[in-house]
Amino acid sequence: MRLDTSYADKFIKKADLESVKTEVIECHNMLEKGSGEGSDYLGWLHLPSRTDKKSIEEIQLAASSIRNSCQACVVIGIGGSYLGARAAIEFMDITRGVKIIFAGNNIDPDYLSNRLDELKGQDIAVNVISKSGTTLEPAAAFRVVMDEMKKRYKANELKKRVICTTTQSKGALFQIARKNGFGLFFIPENIGGRFSVLTSVGLLPMAIAGIDIDELIKGAVCAEEMSASCDLEKNPSCKYAVYRNILYRMGKKIEIGASFHQSMLYVLEWWKQLYAESEGKNGKGIVPLTAIFSTDLHANGQLIQEGERNIFETFLAIDEKSKDIALPACDDNLDGLNYLAGKGLSFINKMAYKGTSLAHMQGGVPNMTLSVKERSAFCLGQIFYFFQRAVGLSGYLLKVNPFNQPGVEAYKKNMLSLLK
Ligand code: PA5
């Protein structure tokens with residue numbers, strides 16, 4: 001894993017770098033010593049290296065029972081209880097095995113009704129995930145999906161087909177699981193939703209989909225080890241936190257997380273949620289937006305190139321191609337593309353990235369690139385840990401508590417009083 005900052009360096013003043021480098025050491029120590037705000041929620045910090053074989057095996061066992069008996073699994077959850085698994089499943093792009101259908105991440109009846117239609121005639125299982133056990137969106141979807149499940153399966157069969165992932169010993173979902181004898185996985189109290197991708201919250205749906213979660217954890221351990229030092233050249237997550245903080249102080253208040261890989265779409269969505277909910281408080285915070293290029297170069301590309309200069313960009317790149325398609329030659333060459341005949345789309349895509357990152361830098365948009373070696377579970381584990389670690393530092397650099405989300409309650413309060 002590498003962070004290339006060469007297209008951001010010229011925007012960064014040496015004095016700023018030196019001063020934020022000193023501040024980040026303090027933030028690193030706050031994380032390690034648990035002396036900062038929100039320190040009750042630091043269970044994720046050394047989770048990868050402390051994940052034991054037994055807990056991975058339990059997840060794999062439950063997953064393989066679902067894989068052997070079902071064609072589809074409905075994964076119900078929202079926010080941090082949903083996006084990590086979706087990111088991994090879309091990133092790995094597994095087309096064989098159990099189909100994962102996501103529900104409970106919105107309240108749109110069209111969406112849920114279409115998903116239920118997709119499930120007709122299929123053997124299904126459900127994994128409902130909610131740390132609090134009381135979030136309305138997943139709770140409502142769970143009711144609807146269970147209604148369908150009860151029509152298809154008797155109580156004994158349901159016990160094998162429903163798994164609840166929630167907090168141990170408390171909350172509505174825990175009680176429902178105990179009352180009905182459903183499977184149970186626990187979310188540690190000291191890990192907030194958006195930091196839970198490397199717990200059973202993310203790992204169980206990934207394992208059901210057929211992702212090698214052992215490799216994913218190994219990748220996360222590798223990133224955890226890289227995070228031990230405060231030396232920016234050895235610890236890319238520290239460097240990322242420092243650079244984005246300096247850029248923010250310079251007035252670059254919008255960060256576009258971008259990639260030329262379609263498979264990164266939900267990794268970026270996961271990143272967006274992690275950063276927005278962790279940093280956007282007390283009247284502060286970098287606005288994280290996402291873009292998939294070259295698609296979005298034909299949409300917000302104009303704004304990035306020439307709009308208000310309050311943007312910086314972070315690209316997610318994959319070094320090695322997993323597949324490629326060579327551009328065919330064409331006798332009439334009416335589209336004039338024969339100069340590229342025989343070249344792989346991966347080469348063209350790479351040149352598009354190089355051309356874009358240079359143009360954006362020249363247009364006043366500092367940009368950095370986080371590259372991983374390949375599209376694998378290991379590399380995704382690295383990415384997950386990298387961003388979690390960096391947002392902990394980044395939140396403390398911003399002097400906010402990165403581990404709470406008081407603002408999320410406002411819409412819930414209004415919605416509930418309207419509903420009641
Ligand atoms: O990161 C967070 O804490 C949130 O995004 C939660 O994950 C989200 O609100 C869902 O909460 P719960 O798992 O309690 O249903």
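Read the numbers this way: they start at 1 and go in the same order the structure lists the ligands and their atoms. Just so we're clear, the structure is a prediction, and the values are computed from it rather than from any experiment.
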Q) Between Ile191 and Tyr41, is any pair of side-chain heavy atoms under 4.5 Å apart? A) no
Q) Around ligand 1, what residues show up once you keep those with a heavy atom under 4.0 Å from it? A) Ile78, Gly79, Gly80, Ser81, Ser130, Lys131, Ser132, Thr135, Gly193, Arg194, Gln273, Glu277, Gln405
Q: Decide whether a cation-pi geometry holds between Arg244 and Tyr248; the criteria are a distance under 6.0 Å from NZ or CZ to the six-membered ring centre and an angle within 45° of the ring axis.
A: no
Q) Is a donor on one side and an acceptor on the other found under 3.5 Å between the side chain of Asn114 and the backbone of Asp110? A) yes
Q. So do Phe315 and Met368 actually touch side chain to side chain, heavy atoms under 4.5 Å?
A. no
Q: Can you spot which of Val128, Leu119, Val162 makes a side chain to side chain contact (heavy atoms under 4.5 Å, CB included) with Val74?
A: Leu119
Q. So among His360, Arg309, Lys252, Glu313, which one has a side chain to side chain contact (heavy atoms under 4.5 Å, CB included) with Pro366?
A. Lys252
